[in-house]
Chemist: 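Structure below; questions to follow.
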Amino acid sequence: MQDSAWKYGVILGVTILILKGVEYYFSISFLPNEVYISIVVILVIAFGVLLWKKLTNPSIKFAPEKKSKVFRRNEDRIKSLEINDRELNVLELMSEGRSNQEIATKLNISINSVNASVSKLFKKLEVNRRSKAISKARKLKLIK
């Protein structure tokens, strides 16, 4: 796409230079300024139409589509770390950016239970911050 824009820009620039060169060579204005302006306007419109067609053409893909991979949780790692279902649910909700109070409300448990689960997760994952716990859990494929 960028290659095309450069090509059209160069073509427009060269055309203007040729017209001005011819005018200078003959030292006369054999075409009125309105004609020069009209030629430039026509070229710009043509470039715009071509660019519009390329941008609206659904067969042209500007960015490669990412293949959606099915997430497979590392069950062996979960068992080896002895992470239970509640802790895993708390970890998933933490990764969504939810606070302990929001997690407690969502899981219908007390905030003290959430705090205990978070503390256990920190110990099991050997981290001291929520962000590190989430990062490590993603690396270990415990959560998405």
Side-chain angles (χ1 to χ4, degrees), residues 1-25 29 31-144:
M1 183 64 206
Q2 290 176 341
D3 293 338
S4 298
W6 279 103
K7 288 177 188 175
Y8 291 122
V10 168
I11 290 170
L12 288 174
V14 169
T15 304
I16 291 170
L17 286 174
I18 290 171
L19 289 173
K20 282 298 180 181
V22 168
E23 179 184 12
Y24 180 76
Y25 180 73
S29 181
L31 293 176
N33 284 339
E34 290 80 14
V35 174
Y36 287 116
I37 293 171
S38 300
I39 291 171
V40 170
V41 167
I42 290 169
L43 291 173
V44 168
I45 290 172
F47 169 69
V49 169
L50 290 173
L51 190 62
W52 175 75
K53 284 184 178 180
K54 282 193 174 216
L55 289 174
T56 58
N57 188 347
S59 66
I60 297 175
K61 296 180 181 170
F62 294 101
E65 292 180 15
K66 294 181 180 177
K67 295 179 183 176
S68 60
K69 295 180 182 177
V70 176
F71 175 74
R72 293 187 185 182
R73 183 171 280 142
N74 189 342
E75 296 294 336
D76 293 334
R77 184 61 92 173
I78 292 171
K79 288 179 185 175
S80 70
L81 292 172
E82 298 177 359
I83 296 175
N84 62 34
D85 290 339
R86 175 175 286 170
E87 292 167 346
L88 195 57
N89 287 337
V90 168
L91 188 58
E92 287 174 342
L93 293 171
M94 279 174 38
S95 72
E96 294 175 6
R98 297 181 187 253
S99 68
N100 285 1
Q101 183 62 53
E102 291 172 327
I103 293 170
T105 303
K106 178 84 173 173
L107 296 178
N108 200 23
I109 58 176
S110 72
I111 187 121
N112 291 333
S113 296
V114 174
N115 291 334
S117 294
V118 170
S119 292
K120 289 177 186 176
L121 282 168
F122 284 1
K123 287 180 186 173
K124 291 177 181 180
L125 294 173
E126 300 173 346
V127 295
N128 58 0
R129 292 190 178 148
R130 293 169 77 99
S131 58
K132 289 182 180 180
I134 294 164
S135 176
K136 190 165 185 179
R138 286 189 174 136
K139 282 183 188 175
L140 297 173
K141 295 188 179 181
L142 306 180
I143 59 173
K144 289 182 186 178

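Residues: numbered from 1 along the sequence shown. As the structure is a computational prediction, the values presented were derived from the model and not from experiment.
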Chemist: Taking atom CD of Glu102 and atom CD1 of Ile111, what is their separation to the nearest 0.5 Å?
Modeler: 10.0 Å

Chemist: State, yes or no, whether a side-chain contact exists between Val127 and Leu121 at a heavy-atom distance under 4.5 Å.
Modeler: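 The answer is no; the side chains never approach within 4.5 Å.
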
Chemist: Are the side chain of Thr105 and the backbone of Gln101 linked by a donor-acceptor contact shorter than 3.5 Å?
Modeler: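 Yes, because the side chain of Thr105 sits within donor-acceptor range (under 3.5 Å) of the backbone of Gln101.
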
Chemist: Return yes if some donor-acceptor pair links the side-chain N/O of Ser80 with the main-chain N/O of Arg77 below 3.5 Å, else return no.
Modeler: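 Here the side-chain-to-backbone pair exists.
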
Chemist: Rounded to the nearest 0.5 Å, what separation is found between the CD atom of Glu92 and the CD1 atom of Ile134?
Modeler: 11.5 Å

Chemist: Just checking Lys120: does its NZ atom have more than 12 heavy atoms from other residues, nucleotides or ligands closer to it than 6.0 angstrom?
Modeler: no

Chemist: Nearest 0.5 Å please: distance from the CD1 atom of Ile16 over to the CD1 atom of Ile11.
Modeler: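 Rounded to the nearest 0.5 Å, the CD1-CD1 separation comes out at 12.5 Å.
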
Chemist: Is there a side-chain contact between Asn100 and Val90 (heavy atoms, below 4.5 Å)?
Modeler: no

Chemist: Could you check whether any side-chain heavy atom of Lys141 comes within less than 4.5 Å of a side-chain heavy atom of Asp76, counting everything from C-beta outward?
Modeler: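 Answer no - side chains too far apart.
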
Chemist: For a quick test of reading the model, state the closest non-hydrogen atom pair linking Ile143 to Ser95 and the distance between them.
Modeler: CD1-CB, 3.5 Å

Chemist: Is the backbone N or O of Ser113 less than 3.5 Å from a side-chain atom of Ser117, with the two atoms forming a donor-acceptor pair by type?
Modeler: yes

Chemist: Indicate yes or no for a side-chain donor-acceptor contact from Glu126 to the backbone of Lys123 under 3.5 Å, with no hydrogens or angles considered.
Modeler: no

Chemist: Does Arg138 use its side chain to pair, donor to acceptor, with the backbone of Lys144 at less than 3.5 Å?
Modeler: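 Yes.
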
Chemist: Does CD in Glu75 sit with more than 12 non-hydrogen atoms of other residues, nucleotides or ligands closer than 6.0 Å?
Modeler: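 It does: Glu75 CD has more than 12 such atoms within range.
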
Chemist: Tell me the closest heavy-atom pair linking Met94 and Phe122, and the distance in Å.
Modeler: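 So the two residues come closest at CE-CE1, 4.4 Å.
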
Chemist: If only atom types and distance count, is the side chain of Lys106 paired as donor or acceptor with the main-chain N or O of Leu93 below 3.5 Å?
Modeler: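 Between the backbone of Leu93 and the side chain of Lys106 there is no qualifying donor-acceptor contact (under 3.5 Å).
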
Chemist: Does Arg86 CZ have over 12 foreign heavy atoms under 6.0 Å away?
Modeler: no

Chemist: Looking at Lys136, I'd like to know if its NZ atom is crowded, meaning that more than 12 non-hydrogen atoms belonging to other residues, nucleotides or ligands lie closer than 6.0 Å.
Modeler: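 Yes, NZ of Lys136 has more than 12 neighbouring heavy atoms, counting only those of other groups under 6.0 Å.
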
Chemist: So, taking the atom named CD in Glu96 and the one named CD1 in Ile103, what distance separates them when rounded to the nearest 0.5 Å?
Modeler: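 Atom-to-atom, Glu96:CD and Ile103:CD1 are 9.0 Å apart.
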
Chemist: Quick check: do Lys132 and Leu125 have side-chain heavy atoms less than 4.5 Å from each other?
Modeler: no

Chemist: Which distance, rounded to the nearest 0.5 Å, do you find between the CG of Leu81 and the CG of Asn74?
Modeler: 9.0 Å

Chemist: Okay, side chain of Glu82, backbone of Lys79: is any donor-acceptor separation there less than 3.5 Å?
Modeler: no

Chemist: Working note: Leu88 + Ile78, criterion side-chain contact (heavy atoms from CB on, under 4.5 Å); need CA distance, chi angles, decisive distance, verdict.
Modeler: CA-CA 9 Å; Leu88 195 57; Ile78 292 171; 3.9 Å; yes

